[in-house]
Amino acid sequence: MACENHTRVTEFILLGFTSNPKMQVSLFILFLAIYTVTLLGNFLIVTVTSMDPALQTPMYFFLRNLSLLEVCFTLVMVPKMLVDLVSPRKIISFVGCGTQMYFFFFFGSSECFLLSMMAYDRFVAICNPLRYSVIMNRSLCLWMAIGSWMSGVPVSMLQTAWMMALPFCGPNAVDHFFCDGPPVLKLVTEDTTMYEMQALASTLLFIMFPFSLILVSYTRIITTILRMPSATGRQKAFSTCSSHLIVVSLFYGTASLTYLRPKSNQSPESKKLVSLSYTVITPMLNPIIYSLRNNEVKGAVKRAVTRKVLQKLDVF
């Protein structure tokens with residue numbers, strides 16, 4: 001439907017979290033600190049897993065890709081959100097909104113599949129340890145990573161192209177802190193049933209399908225662990241999976257609340273908090289979870305710090 005007797009929207013207003021100037025400054029400082037920790041933590045994981053010889057395994061190869069994904073994921077939303085918190089006009093162009101939405105869907109879908117690849121890696125390591133190095137060879141790991149990154153292309157293109165082709169002829173105020181699908185969908189001036197059905201199908205395919213692979217992998221992993229005769233072996237095997245399980249629970253638990261119910265009756269404030277958890281908080285927590293719960297990563301960080309200190313002492 002064309003915008004008859006109405007001007008088509010050319011820009012959107014992002015309402016964000018609050019209109020209170022003092023609260024906006026406080027949120028700016030808080031989110032800037034979180035974003036700084038997110039970048040430092042994820043770049044630390046990338047650097048350590050790239051340089052330390054002890055971490056040149058498939059598990060840390062996928063962890064490095066996850067950290068890179070988290071950096072890209074937050075880059076799509078957080079800088080714009082920070083600017084809007086200190087700017088009097090919280091405007092994003094129609095094209096800018098579509099671009100933000102595209103990359104949000106792209107990196108979000110890619111992360112879903114990458115988490116399932118990481119689950120498969122743990123499945124092979126625990127359930128088939130003798131053939132682990134043969135199965136999870138360099139070539140397979142590379143193709144699994146490429147496939148995970150590219151898996152976001154179809155859903156992001158379909159969702160964004162369809163959404164932005166819908167008529168936006170009336171209000172242009174998005175009650176959110178970025179151009180997410182459900183809040184932008186509310187501004188469409190025609191029936192969106194078909195789009196919602198397509199969005200739900202895409203969600204089931206690109207979120208629930210990889211989640212099902214994770215469930216199958218961990219069902220086999222738990223079965224194998226429970227059959228181990230040694231308590232020490234069971235504890236060691238579970239410790240290699242615990243970090244990944246926590247990350248999966250955080251990501252899928254919050255994302256499913258939003259995308260399995262695109263027009264739910266949740267208040268806008270509740271939806272913002274849910275979105276905040278998987279777009280801002282989870283990317284910050286991931287490197288912390290993997291660092292604090294992984295002795296190999298902690299050891300690699302200590303070795304890197306020690307080398308830096310020794311290099312500085314040699315200079316003097």
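In the hydrophobic clustering of ILVMFWY residues, with side-chain heavy atoms under 4.5 Å counting as a link, Leu115 and Ile222 come out apart. Leu75 is connected to Tyr278 through a chain of hydrophobic side-chain contacts under 4.5 Å among Ile, Leu, Val, Met, Phe, Trp and Tyr, so both are in one cluster. Grouping the Ile, Leu, Val, Met, Phe, Trp and Tyr side chains by contacts below 4.5 angstrom, directly or via other members, places Phe123 apart from Val216. Val153 and Met163 end up in the same hydrophobic cluster when Ile, Leu, Val, Met, Phe, Trp and Tyr side chains are linked at under 4.5 Å. Residue Ile13 is not grouped with residue Leu27 when hydrophobic side chains (ILVMFWY) are merged at heavy-atom distances under 4.5 angstrom, including chains of intermediate members.
In this structure, the separation between CE on Met208 and CD1 on Ile214 is 10.0 Å, given to the nearest 0.5 Å. For the atom pair Leu68 CG and Phe107 CZ, the distance stands at 10.0 Å (nearest 0.5 Å). Atom OG1 of Thr282 sits about 7.5 Å away from atom CD1 of Ile289, to the nearest 0.5 Å. Rounded to the nearest 0.5 Å, atoms OH (Tyr195) and CE (Met197) are 14.0 Å apart.
A donor-acceptor pair under 3.5 Å is formed between the side chain of Ser151 and the backbone N or O of Ser148. Side chain of Asn137 to backbone of Ser139: a donor-acceptor contact under 3.5 angstrom is found. For Ser116 (side chain) and Phe113 (main-chain N/O), a donor-acceptor pair under 3.5 Å exists by modelled atom type. Remark: side-chain polar atoms of Arg64 are paired, donor with acceptor, to backbone N or O of Thr49 under 3.5 angstrom.
The 12-atom threshold is not exceeded at CZ of Phe103, counting heavy atoms of other residues, nucleotides or ligands nearer than 6.0 Å. Crowding of Glu11 atom CD: a count of heavy atoms from other residues, nucleotides or ligands under 6.0 Å exceeding 12. Heavy-atom contacts from other residues, nucleotides or ligands closer than 6.0 Å to CZ of Phe209 number 12 or fewer. The neighbour count for Arg220 CZ, taken as heavy atoms of other residues, nucleotides or ligands under 6.0 Å away, does not exceed 12.
Counting all heavy atoms, side chain and backbone alike, Ala145 lies closest to Asn65 at CB-OD1, 4.0 Å. In terms of heavy-atom proximity, Leu226 sits nearest to Arg234 at CA-CD, 4.3 Å. Across every non-hydrogen atom of Trp162 and Met194, the tightest pair is CH2-O, 3.9 Å. Thr160 and Tyr102 make their closest contact through OG1-CA, 3.2 Å (heavy atoms, listed as atom of the first residue, atom of the second, distance). The two atoms that bring Pro183 and Val174 nearest to each other are CB-CG1, 3.9 Å, heavy atoms only. Of all heavy-atom pairs between Leu55 and Tyr60, the closest is O-CB, 3.2 Å.
Side-chain contact between Cys179 and Leu14 is present, with at least one heavy-atom pair separated by less than 4.5 Å. Taking 4.5 Å as the limit, every side-chain heavy atom of Tyr35 sits out of range of all side-chain heavy atoms of Met81. For the pair Leu276/Phe31, a side-chain contact is recorded, criterion being any heavy-atom separation below 4.5 Å from C-beta on. Contact of the Asn42 side chain with the Phe73 side chain is not registered, since no non-hydrogen atoms from C-beta on lie closer than 4.5 Å. By the 4.5 Å heavy-atom criterion applied to side chains, Lys80 and Phe178 are not counted as neighbours. You'll find the side chain of Phe106 stays beyond 4.5 Å of the side chain of Val76, heavy atoms only. Thr279 places a side-chain heavy atom less than 4.5 Å from the side chain of Phe177. Counting only heavy atoms from C-beta outward, the side chains of Met101 and Phe105 approach each other to under 4.5 Å.
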May I have the step-by-step check of side chain to side chain contact (heavy atoms under 4.5 Å, CB included) for Leu15 and Lys90, ending in yes or no? CA-CA 7 Å; Leu15 298 181; Lys90 309 174 194 321; over 6 Å; no
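Using a 3.5 Å distance cut-off with no hydrogens or angles, the side chains of Glu70 and Thr74 do not pair a donor with an acceptor.
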